[in-house]
Q: 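Below is the structure I would like to discuss, written out as structure tokens.
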Amino acid sequence: MRVDVDEALPSVKIPRRILNDLYAHAIETLPEECCGLIVGTAEDRFQRLVRCRNEMTMHHRQDPVEYPRDGSEAFYMNSLDYMMAHEEAEARGARVTAVYHSHVGVGAYLSEMDLVYAASEGFPFPDADHLVVAVFDRKVDSVALFRQNGDGKSFVGRTVVSTES
């Protein structure tokens, strides 16, 4: 099971500078997926992008049974990176509003693995949106935002458009 974009829903507007940072991160980390956080407030959800390290390849090498995929197919966000971002955001009166990652060679959708991670007890940001950027041949193909559907269990996908602010 996966969640795709619902083209009938209105697009989500995200500042161009945030999207540019996200796209650059996705290209720089190839052939692995990138991951990180977006920090903001209820009024301004997309203020700052915070890169995190993807440790999936390290976990895969240490325990391939528990972690059957490497960083080219999945992400495991460095806990120190996300805890520091979370604490810094709270100190500024902000919060983590989105978790982002890239898909390499496949589309921008919320995969079954992404859904399991978002629903797990250990997921540090249960109210966060999820941004997924698809990269093909070293170029960004598409980006989508996935937001909880109000029931706290399911997600809906929306297209993303850039804004100047």
Q: For Arg158, enumerate each residue passing the side chain to side chain donor-acceptor pair (under 3.5 Å) test, keeping only those at least two apart in sequence or located in another chain.
A: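 Testing Arg158 for side chain to side chain donor-acceptor pair (under 3.5 Å), a comparison that skips the adjacent residues, returns none.
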
Q: Do Leu37 and Val99 have side chains that approach each other closer than 4.5 Å (heavy atoms only, starting at C-beta)?
A: yes

Q: Which of these, Val143, Leu22, Val160, sits in a side-chain contact (heavy atoms from CB on, under 4.5 Å) with Ile14?
A: Val160

Q: Under the 4.5 Å side-chain heavy-atom rule for ILVMFWY, direct or indirect, which residues accompany Tyr76?
A: Met56, Tyr67

Q: Listing request: all ring pair (Phe, Tyr, Trp, His ring centres under 6.0 Å) pairs with a residue in residues 11-33, at least two apart in sequence or in separate chains.
A: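 Pairs touching residues 11-33 that pass the test: His25-Tyr100.
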
Q: Other members of the hydrophobic cluster containing Met113, with the 4.5 Å side-chain heavy-atom rule, please.
A: none

Q: Do Ile38 and Leu19 land in one hydrophobic cluster if side-chain heavy atoms of ILVMFWY residues count as linked below 4.5 Å?
A: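 Both belong to a single hydrophobic cluster.
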
Q: Membership question, hydrophobic clusters at under 4.5 Å side-chain separation (ILVMFWY): are Phe123 and Leu131 in the same one?
A: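 Leu131 does not cluster with Phe123.
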
Q: Test question: given the 4.5 Å side-chain rule for I, L, V, M, F, W and Y, name all other residues clustered with Leu80, or answer none.
A: Met84

Q: Mind listing the closest non-hydrogen atom pair of Val3 and Gly157 along with its distance?
A: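 Heavy atoms only, the tightest pair is CG1-N, 4.1 Å.
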
Q: Is Ile18 linked to Val133 within one hydrophobic cluster, defined over Ile, Leu, Val, Met, Phe, Trp and Tyr using a side-chain heavy-atom separation of less than 4.5 Å?
A: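 Hydrophobic grouping puts Ile18 with Val133.
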
Q: Test question: given the 4.5 Å side-chain rule for I, L, V, M, F, W and Y, name all other residues clustered with Met58, or answer none.
A: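 Cluster partners of Met58: none, it stands alone.
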
Q: Of the non-hydrogen atoms in Val39 and Ala94, which two are nearest, and what is the gap between them?
A: CG1-CB, 3.8 Å

Q: Keeping to residues at least two apart or across chains, list the salt bridge (Lys or Arg N to Asp or Glu O under 4.0 Å) pairs with something in residues 63-83.
A: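 Counting only pairs at least two positions apart or across chains, the salt bridge (Lys or Arg N to Asp or Glu O under 4.0 Å) contacts touching residues 63-83 are Arg53-Asp81.
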
Q: How far does OG of Ser72 sit from CG of Asn54, to the nearest 0.5 angstrom?
A: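 Rounded to the nearest 0.5 Å, the OG-CG separation comes out at 9.5 Å.
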
Q: Would you tabulate the side-chain donor-acceptor contacts of residues 85-92 under 3.5 Å, counting partners in other chains and residues two or more places apart, or write 'none'?
A:
from	atom 1	to	atom 2	distance (Å)
Glu88	OE2	Arg48	NH2	3.0

Q: Atom CZ of Arg16 and atom OG1 of Thr163: how far apart are they, to the nearest 0.5 Å?
A: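 So the CZ of Arg16 and the OG1 of Thr163 are separated by 8.0 Å.
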
Q: Which pairs pass side-chain hydrogen bond (donor to acceptor under 3.5 Å, both in side chains) with one or both residues in residues 130-144, sequence neighbours excluded?
A: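 Passing the test, one end in residues 130-144: no pairs.
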
Q: Side-chain contact test, heavy atoms from C-beta onward, threshold under 4.5 Å: evaluate it for Leu145 versus Phe46 and give yes or no.
A: yes

Q: So which heavy atom on Cys34 is nearest to which on Ser102, and how close?
A: N-OG, 2.8 Å

Q: OG1/Thr41 to CG/Asp44 distance, rounded to the nearest 0.5 angstrom?
A: 5.0 Å

Q: State, with a plain yes or no, whether a side-chain heavy atom of Val104 is found less than 4.5 Å away from one of Leu30.
A: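 The answer is yes, as the side chains (C-beta and beyond) meet within the 4.5 Å cut-off.
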
Q: Is there a side-chain contact between Ile27 and Val135 in this structure, where contact means two heavy atoms from C-beta onward sitting under 4.5 Å apart?
A: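 Answer yes - side chains close enough.
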
Q: Of all the heavy-atom pairs spanning Thr159 and Ser11, show the shortest one and how long it is.
A: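 Heavy atoms of Thr159 and Ser11 come nearest at OG1-OG, 2.5 Å.
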
Q: Going hydrophobic residue to hydrophobic residue with side-chain gaps under 4.5 angstrom, can you get from Leu49 over to Val12?
A: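 Looking at the clustering, Val12 is in the same group as Leu49.
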
Q: Of all the heavy-atom pairs spanning Gly107 and Ala134, show the shortest one and how long it is.
A: C-CB, 3.6 Å

Q: Which pairs, with at least one residue in residues 107-136 and sequence neighbours excluded, count as a salt bridge (Lys or Arg N to Asp or Glu O under 4.0 Å)?
A: Arg45-Asp129, Asp129-Arg147

Q: Is it the case that the ring center of Tyr109 lies less than 6.0 angstrom away from the ring center of Phe146?
A: no

Q: Does any pair with a residue in residues 18-42 pass salt bridge (Lys or Arg N to Asp or Glu O under 4.0 Å), and if so which ones, sequence neighbours excluded?
A: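 For residues 18-42, and leaving out neighbouring residues, the salt bridge (Lys or Arg N to Asp or Glu O under 4.0 Å) pairs sorted by first residue read Glu28-Arg51.
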
Q: Can you tell me how far the CG atom of Asp4 sits from the CG atom of Leu110, to the nearest 0.5 Å?
A: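 Rounded to the nearest 0.5 Å, the CG-CG separation comes to 9.5 Å.
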
Q: Quick one: does any side-chain atom of Ser154 pair with a main-chain N or O of Asn149 as donor and acceptor, under 3.5 Å?
A: no

Q: Working to the nearest 0.5 Å, report the span between SG of Cys35 and OH of Tyr82.
A: 11.0 Å

Q: Can you list the residues that meet the salt bridge (charged side-chain N to carboxylate O under 4.0 Å, His left out) rule with Arg95, with sequence neighbours excluded?
A: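 With neighbours one apart ignored, the set is empty.
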
